[in-house]
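Below: the structure, in structure tokens.
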Amino acid sequence: MTTGRELWYLTRGSGAVALVLLTATVALGVLSSVGARTSRWPRFAVGGVHKNLTLLSVAFVVCHVVTTVADGYAPIGFKDAIIPFASPYRPIWLGLGAVAFDLLLALVVTSYLRHRIGFRAWRGVHWLAYGAWPVALMHSLGTGSDARTSWLVTLGIASLAIVAVATLARVFLASVSGRGRAAAALAAVAVAVSLVVWYRGGPARIGWAARAGTPSHLRASVRLLSHRLEAPPAKVVAPPRAFSVHVAGTVQNHQEAGGRLGVVISLRLDGNPGGALRIDLRGAPIGDGVAMDASGVSFVPATTRAVYLGAVTALQGNVIGAQVRDAAGDRLNLTLSLSLDPASGSATGSVQAVSAAGGKG
Ligand code: HEM
């Protein structure tokens with residue numbers, strides 16, 4: 001059976017493959033337009049590969065869209081893949097994906113109708129479709145969870161370099177005037193530099209998810225890829241009473257060595273018992289969140305001198321489950337329902353505690 005996590009991997013994987021195929025399609029298309037060929041690869045073969053790569057790109061984008069909608073993590077429907085800028089999730093950057101997809105579909109349809117619509121109309125759409133490439137690249141970095149991970153950044157830089165070299169080769173091999181050549185080369189370099197400047201000031205910076213238009217309830221959640229729970233203690237003595245109290249405090253993200261990201265949620269309990277609760281999540285950065293692979297929880301009730309320590313056991317949207325125990329081995333299961341706003345750094349909500357043995361004390 002497919003889980004949300006597998007679908008998420010499929011979305012990201014199919015998106016990356018679609019970007020690679022689109023890059024290869026554009027590079028081959030540009031080169032075949034100046035008649036690039038070798039003895040092994042005659043011109044018609046280059047053209048044939050170009051056509052098939054386009055169809056394969058469309059197939060991977062369809063897979064990317066279907067897995068995105070089936071994943072259901074973000075409120076994205078099939079109409080958002082066709083109608084640009086109408087989605088509640090990162091409307092501009094997801095919308096650019098829809099624009100790229102629409103252009104690809106127009107390209108395929110007009111290629112099949114080429115004899116009916118005439119060469120000029122077909123060529124017009126074809127030129128427009130080349131615009132799908134920078135648009136898809138901006139979508140990938142503006143929407144993708146991996147926009148700050150080295151593999152997607154490397155893929156983006158490699159794609160940019162390949163298309164830039166192919167475009168410059170076309171400019172210098174084509175029979176255009178010196179002035180036209182300089183203007184076209186300048187335009188290609190300007191597009192590449194603009195993309196790099198946009199990325200550095202946008203998706204590369206912490207806080208992009210909020211600025212990109214991610215709904216706040218999704219920003220507050222962290223996708224759980226794996227977690228470690230300390231081995232349960234051998235004996236349970238005198239479980240503390242169950243309680244449910246309001247909590248308020250702060251949430252902070254910070255960069256750690258090796259590009260890892262840490263999220264610290266510090267809360268004070270308002271009621272009986274009062275006290276302090278701190279949750280540490282650590283892992284690889286994914287978008288504005290973290291793919292958690294380590295966690296720590298400490299709870300110090302105001303009413304006792306006991307310190308409860310443990311780990312996060314579950315993350316689901318705004319709900320965090322944790323298990324902690326004190327030096328005597330008493331275990332508490334904590335369930336926090338939080339509203340986190342990384343932009344302002346505030347955290348509010350409630351915590352419910354029950355002894356791990358299930359007793360209400
Ligand atoms: C030519 C068209 C497209 C290409 C080449 C493309 C490619 C990509 C790439 C490379 C990523 C980054 C994946 C990552 O961060 O690991 C991405 C992310 C994403 N794309 Fe597309 N995409 C296209 C169209 C679309 C369309 C039409 C939709 C609409 C449903 C869409 C929805 C998404 C979503 C939701 C994400 C974020 C996934 C995540 O990282 O959580 N894409 N896309």
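In each ligand, atom 1 is the first atom listed, and ligand 1 is the first ligand listed.
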Handout entry: Polar contact flag for Trp8 and ligand 1 (N/O pairs, less than 3.5 Å)
Key = yes
Fill in the blank from the handout: Checking heavy atoms under 4.0 Å, the part of Leu141 that sits near ligand 1 is neither
Handout entry: Members besides Val125 in its Ile/Leu/Val/Met/Phe/Trp/Tyr cluster (side-chain heavy atoms under 4.5 Å)
Key = none
Handout entry: Winner among Ser159, Ala100, Gly142 once heavy atoms are compared against atom 1 (C) of ligand 1
Key = Ala100
Completion exercise
The answer for which part of Thr143 has a heavy atom under 4.0 Å from ligand 1 is both
Handout entry: Backbone of Thr25 reached by a side-chain donor or acceptor of His50 within 3.5 Å
Key = yes
Fill in the blank from the handout: The atoms of ligand 1 lying under 4.0 Å from a heavy atom of Gly15, numbered in the order shown, are 7 (C), 8 (C), 9 (C), 10 (C)
Exercise for the section: Could you tell me whether the side chains of Arg90 and Thr214 share a donor-acceptor contact shorter than 3.5 Å? Expected result: yes
Handout entry: Subset of ligand 1 atoms that lie under 4.0 Å from at least one heavy atom of Thr68
Key = 32 (C), 35 (C)
Practice task
Please answer whether the main-chain N or O of Gly142 pairs with a side-chain N or O of Trp208 as donor and acceptor at a distance below 3.5 Å.
Solution key: yes
Problem - Proximity to ligand 1 by part of Leu155, non-hydrogen separation under 4.0 Å - result: neither
Practice task
Kindly give the atom name of the N, O or S atom of His64 closest to atom 21 (Fe) of ligand 1.
Solution key: NE2
Problem - ligand 1 contact by Trp151, heavy-atom criterion under 4.0 angstrom - result: yes
Practice task
Enter the distance from Leu334:CG to Tyr308:OH here, rounded to the nearest 0.5 Å.
Solution key: 10.0 Å
Exercise for the section: Could you walk me through whether Leu336 and Ile279 pass the side-chain contact (heavy atoms from CB on, under 4.5 Å) test, one step at a time? Expected result: CA-CA 11 Å; Leu336 291 108; Ile279 299 169; 3.8 Å; yes
Exercise for the section: Could you tell me if any non-hydrogen atom of Ala16 lies under 4.0 Å from any atom of ligand 1? Expected result: yes
Problem - His139-ligand 1 polar pair, N/O distance under 3.5 Å - result: yes
Problem - Contact partition for Ile76 relative to ligand 1, non-hydrogen atoms under 4.0 Å - result: side chain
Exercise for the section: Using modelled atom types only, decide if a donor and an acceptor are shared between the side chain of Thr143 and the backbone of Trp93 within a distance under 3.5 Å. Expected result: yes
Exercise for the section: Could you tell me whether some N/O pair between Ser140 and ligand 1 is separated by less than 3.5 angstrom? Expected result: no
Exercise for the section: Measure from the side-chain N and O atoms of Ser295 to the backbone N and O of Val312, and report whether any donor-acceptor pair falls under 3.5 Å. Expected result: yes
Problem - Test log, rule side-chain contact (heavy atoms from CB on, under 4.5 Å), inputs Asp146 and Leu155 - result: CA-CA 11 Å; Asp146 297 299; Leu155 191 68; over 6 Å; no
Exercise for the section: Report the part of Asp146 (side chain from C-beta onward, or backbone N, CA, C, O) that has a heavy atom under 4.0 Å from ligand 1; answer both or neither where that applies. Expected result: both
